[in-house]
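Please read all numbers here as calculations on a predicted model, not as lab measurements. Along the sequence shown, residues carry numbers from 1.
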Amino acid sequence: MARPRHCRFVVHTPNAVYFKPRGIPMTELTEESLSVEGLEALRLADFEGLSASEAAASMRVSRHTFGRILAEARNIVADVLIHGKALRIGGGTYAVLPSDITCVHSGEPGMQKLAVSSEGPSLDDLVDPRFGRAGGFVVVNPQDMSTEYLDNGASQTKAQGAGIETAERICAAGCKVVLSGFVGPKAFEALQAAGISVCQDLDGMTVREAVQKFLSGAVPFADAPNK
């Protein structure tokens with residue numbers, strides 16, 4: 001079973017979504033498709049001239065993921081230009097910035113609640129650097145910054161499997177993004193299989209600061225750690 005794709009962030013949707021060679025009837029053309037996030041990768045790297053790190057941060061993905069999106073987009077555009085094909089832009093898995101973290105998966109919207117590992121129940125408590133054995137999670141609705149607290153005390157006492165059990169608890173709460181200090185390989189895999197994105201290295205700040213940093217686009221989604 002294929003893993004769900006993580007949400008990618010774009011500045012705006014394209015103004016024009018279809019291009020074709022002049023003078024060739026549509027019935028004689030082969031069509032290729034470019035995703036909205038593919039177009040955004042081209043804009044950031046080839047039009048704006050951003051570095052891979054800067055562009056990845058803007059789209060909130062890892063450098064590896066950005067490089068793959070960019071390479072695929074360049075290949076599609078080159079194929080269209082060389083072989084005289086039509087190009088359709090649309091689809092993908094993306095959200096438009098500035099946003100309320102409403103991610104579009106091939107046209108279907110859905111609110112993303114954030115789960116932040118926390119040393120306490122409020123936005124002003126510190127981010128817990130642990131994921132699996134965090135005391136709890138502040139669940140944040142980014143539309144209005146309302147919160148609820150998800151207790152994780154049961155996982156703290158487990159000898160094994162704390163990370164996977166915590167991942168299941170996050171999934172059951174309907175969260176789609178995790179902000180934490182570090183997520184271990186097994187827990188990361190469980191979150192990824194559930195379609196939950198992970199942002200790491202956010203310890204040393206409050207829950208509020210971590211959420212604001214994420215919403216500003218300064219925190220990329222993480223790649224799975226080595227086992």
With a 4.5 Å heavy-atom cut-off, do [X] and [Y] have their side chains touching?
X      : Y      : result
Arg74  : Asp46  : yes
Phe182 : Asp203 : no
Ile76  : Leu87  : yes
Ile170 : Leu150 : yes

Could you give the distance from CD (Glu209) to CG (Leu126), rounded to the nearest 0.5 Å? 8.5 Å
Could you tell me whether a side-chain N or O of Thr206 sits under 3.5 Å from a main-chain N or O of Asp124, the two making a donor and an acceptor? no
Counting only N and O atoms by type, is there a donor-acceptor contact under 3.5 Å from the side chain of Glu32 to the main-chain atoms of Val77? no
Heavy atoms only: give me the nearest [X]-[Y] pair and the separation to one decimal.
X      : Y      : answer
Tyr18  : Ala86  : OH-CB, 3.4 Å
Pro142 : Leu215 : CB-CD2, 4.0 Å
Met59  : Ile69  : CE-CD1, 4.3 Å
Asp128 : Gly135 : OD2-N, 3.5 Å

Over 60° means perpendicular and under 30° means parallel, so tell me whether Phe214 and Phe221 are parallel, tilted or perpendicular. tilted
Return the set of residues passing side chain to side chain contact (heavy atoms under 4.5 Å, CB included) with Leu202 (not counting sequence neighbours), or none when no residue passes. Leu179, Cys199, Met205, Ala210, Lys213, Val219
Co-members of Ile164 in a cluster of I, L, V, M, F, W and Y side chains, linked at under 4.5 Å: none
Quick one: list whatever passes ring pair (Phe, Tyr, Trp, His ring centres under 6.0 Å) with Phe66, sequence neighbours left out. none
Going through the checks in order, is the side-chain hydrogen bond (donor to acceptor under 3.5 Å, both in side chains) test met by Asn152 and Thr166? CA-CA 7 Å; Asn152 195 50; Thr166 301; 3.2 Å; yes
Residues Arg43 and Glu40 bridged, charged N to O under 4.0 Å: yes
Derivation and outcome, side chain to side chain contact (heavy atoms under 4.5 Å, CB included), residues Thr30 and His83: CA-CA 9 Å; Thr30 300; His83 297 108; over 6 Å; no
